[in-house]
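Step one of this worksheet: look at the structure below.
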Amino acid sequence: MESAISTRRAPGPTRLAALRARWSRSLRGRRLRGWPAAGLAVLCIGALAGYLAFPTYPTYDSFYALLWGRDLLHLHLPDFRVYRGPTEHPLAIAFGALCSIFGDGGARLMVLGSIASFVAAVAGLYRLGRLCFGPVVGVLAALLLLSRFFVENLAAQGYLDISYVALVVWAIVLEVERPRRGTAVFVALAAAGLLRPDAWVLSGVYWLWCLPGASNRRRLAYLALAASAPLIWVSLDAIVTGNPLYSLTATAGLAQELERTQGLSAVVSSVWTFTERIDKLPVMLGALVGIPLAVWMAPRRAAVPLVATALLYLVFLAEGAVGASLIDRYLLGGATVLLLFCAVFLGGWSMLLRGSWARRLWIAGAAALLAYGVASAANTLSLSSLRNTLAYHEEFHKGLAEALRQPQVASELRRCKLLSLPNNKLIPDARWILDSVGQHDIVARSQARADALHGSHTLENRIRTGSVAVYPLGSAIFFEAIVDVGDDPRDQVPLSGFKRIFTNRYYAVYGNC
């Protein structure tokens with residue numbers, strides 16, 4: 001009997017060891033799975049803290065999206081034909097309508113949406129890096145985006161481009177998770193296409209990619225999703241302006257007026273200049289080496305982000321070549337996905353065998369690039385300048401609100417019913433502060449000067465014969481008054497017959513009612 005018992009019990013320690021090993025692996029797996037969630041929680045807390053510490057307000061395009069959304073809530077058609085108006089973005093207008101429900105807090109909510117989009121983009125880039133090249137590359141890709149203060153600054157000022165980037169990144173993630181996934185990717189790209197037309201090309205190429213093996217019914221369904229964004233966009237333009245191509249023609253015209261169009265050679269050179277401005281030179285060099293390394297190590301997994309990056313850069317080149325505006329923000333999508341390949345150079349060694357000479361050599365190269373990047377950032381980065389920019393953005397808006405809400409200014413405005421500003425920059429802020437549904441009672445003196453040069457003095461006479469005029473002071477002059485081609489210093493000189501009503505640190509208000 002003892003022999004039998006001992007025979008039965010002999011495997012016990014082996015089974016126990018196996019159970020312990022399995023339990024240990026399970027705990028380790030849970031801990032590893034818990035790190036991304038913990039990191040996301042810390043990121044969300046940090047983003048919320050920054051949002052509360054620097055109460056900035058939407059930038060020009062976002063403010064107009066907010067105003068046009070509010071117009072729709074008041075059952076007014078938005079007026080896209082405003083002086084130097086931005087391109088309308090259907091999804092941004094829909095979000096602006098939602099934000100405007102919250103009254104004065106809607107402007108801050110618009111910024112919160114942009115900051116939340118930045119968090120989503122960081123999370124998406126981590127997920128993309130982990131799926132394609134492992135957790136080390138995923139973490140490094142997320143950290144690289146977190147360290148792009150150019151992008152963070154745009155998020156803090158409520159730029160719509162951040163939401164577009166987040167949607168594009170997650171569309172790539174969804175496709176990498178399940179090739180030819182279809183609907184989910186099309187929906188993400190359609191949403192991105194309601195913010196920037198660049199995503200229309202991505203949707204079209206993705207539809208071609210999904211054709212093999214799909215039934216005719218599914219192909220038509222996918223085509224409807226791919227075409228939804230441009231159809232919604234041109235339909236909105238047709239309803240509001242009567243011209244379905246208004247966004248395209250108006251944007252091209254404004255680009256020429258503000259001298260934002262360049263020749264083909266300048267468009268090509270701007271690719272390097274703008275990418276360097278967004279990503280910085282060390283990251284660009286890392287990405288240039290990381291791309292062939294990614295193709296060598298994991299060609300199938302590198303294919304989707306690499307093709308997406310190439311398409312985003314080609315679309316930027318094509319837009320510039322046909323006369324669209326050359327603005328660094330328009331390259332933000334491609335520059336963001338490019339960070340993934342720099343992360344491959346910095347962390348791709350984790351995919352090699354431990355102790356191999358290739359791994360040691362790779363680590364040495366990554367360490368050298370990291371040292372170069374840190375040294376470069378130490379010499380060029382100015383956190384105080386970034387803080388001052390955000391502080392100015394807040395102070396300028398609050399200073400204008402204080403000026404326009406003064407009882408004596410409000411009384412003068414009720415008598416004149418016309419407010420003049422130096423240029424177009426402050427018009428959306430003033431409309432939001434004054435809760436003005438109409439916008440023809442808030443005008444720009446630069447527009448009056450331009451009209452006069454073309455023989456029309458109607459607006460100039462309206463301003464001279466009875467209006468309230470706002471003049472930026474101090475540092476606000478170079479942020480709000482003299483910022484674009486066509487801005488004239490003479491528009492900063494109070495007209496004869498106007499008397500000063502109110503002055504604060506950033507603005508002086510005059511009237512002649």
Side-chain angles (χ1 to χ4, degrees), residues 57 60 63-64 67 70-71 74 76 79 81-85 104 107 257-258 392-393 395-513:
Y57 291 85
Y60 188 74
F63 245 133
Y64 263 114
L67 291 167
R70 188 176 66 181
D71 289 344
H74 286 83
H76 290 266
D79 185 358
R81 301 178 185 274
V82 295
Y83 172 62
R84 290 185 182 175
D104 288 344
E257 178 186 344
L258 299 180
Y392 279 142
H393 195 60
E395 291 172 9
F396 293 159
H397 180 84
K398 289 185 174 179
L400 183 63
E402 177 191 17
L404 295 179
R405 288 171 177 165
Q406 288 295 313
Q408 58 270 40
V409 174
S411 175
E412 196 80 353
L413 275 173
R414 283 193 294 270
R415 294 170 58 196
C416 290
K417 297 182 180 179
L418 182 66
L419 175 68
S420 80
L421 301 162
N423 57 21
N424 59 300
K425 282 273 290 181
L426 289 172
I427 289 178
D429 296 68
R431 275 196 62 199
W432 180 258
I433 292 166
L434 295 174
D435 195 18
S436 170
V437 174
Q439 52 197 17
H440 298 292
D441 51 352
I442 302 176
V443 299
R445 293 189 290 276
S446 61
Q447 182 181 9
R449 186 177 294 278
D451 289 350
L453 290 175
H454 291 87
S456 174
H457 298 274
T458 303
L459 184 55
E460 183 182 44
N461 291 335
R462 285 184 65 200
I463 292 173
R464 288 182 178 278
T465 55
S467 66
V468 174
V470 174
Y471 295 89
L473 303 175
S475 56
I477 293 175
F478 303 102
F479 282 85
E480 309 288 6
I482 305 176
V483 293
D484 273 323
V485 175
D487 290 344
D488 195 312
R490 288 174 292 179
D491 293 327
Q492 274 294 101
V493 179
L495 299 171
S496 61
F498 281 69
K499 296 181 180 180
R500 183 177 295 192
I501 306 171
F502 175 80
T503 304
N504 61 17
R505 181 181 178 184
Y506 294 117
Y507 300 97
V509 184
Y510 288 73
N512 71 335
C513 301

message: Holding to side chain to side chain contact (heavy atoms under 4.5 Å, CB included), I want the full list of residues that pass it with Ile482, two or more places apart in sequence or in another chain.
response: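 Side chain to side chain contact (heavy atoms under 4.5 Å, CB included) list for Ile482, sorted by chain: Ile477, Pro489.
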
field: Counterpart residues, side chain to side chain contact (heavy atoms under 4.5 Å, CB included), relative to Ala448 (two or more places apart)
entry: Leu459, Glu460, Ile463

Expected output: side-chain Asn504 to main-chain Gly399 donor-acceptor under 3.5 Å: yes

query: Has the side chain of Gln492 got a donor or acceptor atom that lies under 3.5 Å from a matching backbone atom of Pro472?
result: yes

message: Restricting to salt bridge (Lys or Arg N to Asp or Glu O under 4.0 Å), what partner residues turn up for Arg500, sequence neighbours left out?
response: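 Counting only residues at least two positions away or on another chain, Arg500 forms no salt bridge (Lys or Arg N to Asp or Glu O under 4.0 Å).
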
query: What pairs with Tyr506 under ring pair (Phe, Tyr, Trp, His ring centres under 6.0 Å), at least two apart in sequence or on another chain?
result: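 If we apply the ring pair (Phe, Tyr, Trp, His ring centres under 6.0 Å) test to Tyr506, skipping adjacent residues, the hits are Phe396.
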
How far apart are the closest heavy atoms of [X] and [Y], and which atoms are they?
X: Phe498; Y: Ala469; result: CE2-CB, 4.2 Å
X: Pro428; Y: Phe63; result: CB-CB, 3.7 Å
X: Arg70; Y: Arg431; result: NH2-O, 3.3 Å
X: Phe478; Y: Val483; result: O-CG1, 3.4 Å
X: Asn512; Y: Gly497; result: CB-O, 3.5 Å

Quiz: residues 404-413 side-chain donor-acceptor pairs under 3.5 angstrom, not counting sequence neighbours:
{"from": "Gln406", "atom 1": "NE2", "to": "Glu402", "atom 2": "O", "distance (Å)": "3.3"}
{"from": "Glu412", "atom 1": "OE1", "to": "Arg415", "atom 2": "NH1", "distance (Å)": "3.3"}
{"from": "Glu412", "atom 1": "OE2", "to": "Cys513", "atom 2": "N", "distance (Å)": "3.2"}

message: Strictly by disulfide bond (SG atoms under 2.5 Å apart), give each pair with a member in residues 444-512 just once, sequence neighbours left out.
response: none

field: Contact list for residues 446-511, test disulfide bond (SG atoms under 2.5 Å apart), sequence neighbours left out
entry: none

field: Leu419 side, atom CG; Ile433 side, atom CD1 - distance, nearest 0.5 Å
entry: 10.0 Å

Test log, rule side chain to side chain contact (heavy atoms under 4.5 Å, CB included), inputs Val443 and Leu418: CA-CA 8 Å; Val443 299; Leu418 182 66; 4.0 Å; yes

field: Any pair counted as side-chain hydrogen bond (donor to acceptor under 3.5 Å, both in side chains), so long as it reaches residues 464-480, sequence neighbours left out
entry: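 For residues 464-480, and leaving out neighbouring residues, there are no side-chain hydrogen bond (donor to acceptor under 3.5 Å, both in side chains) pairs at all.
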
Qualifying side-chain hydrogen bond (donor to acceptor under 3.5 Å, both in side chains) pairs with a residue from residues 418-430, counting only residues at least two apart or across chains: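 Those involving residues 418-430 are Tyr60-Asn424, Arg84-Asn424, His397-Asp429, Ser420-Arg445, Asn423-Asp487.
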
query: Can you name the side chain to side chain donor-acceptor pair (under 3.5 Å) partners of Asp488, sequence neighbours left out?
result: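 Side chain to side chain donor-acceptor pair (under 3.5 Å) check on Asp488 returns Arg490.
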
field: Close side-chain approach of Leu421 and Ile427, heavy atoms under 4.5 Å
entry: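 Sidechains of Ile427 and Leu421: in contact.
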
message: Any non-hydrogen side-chain atom of His393 less than 4.5 Å from a side-chain atom of Phe479?
response: no

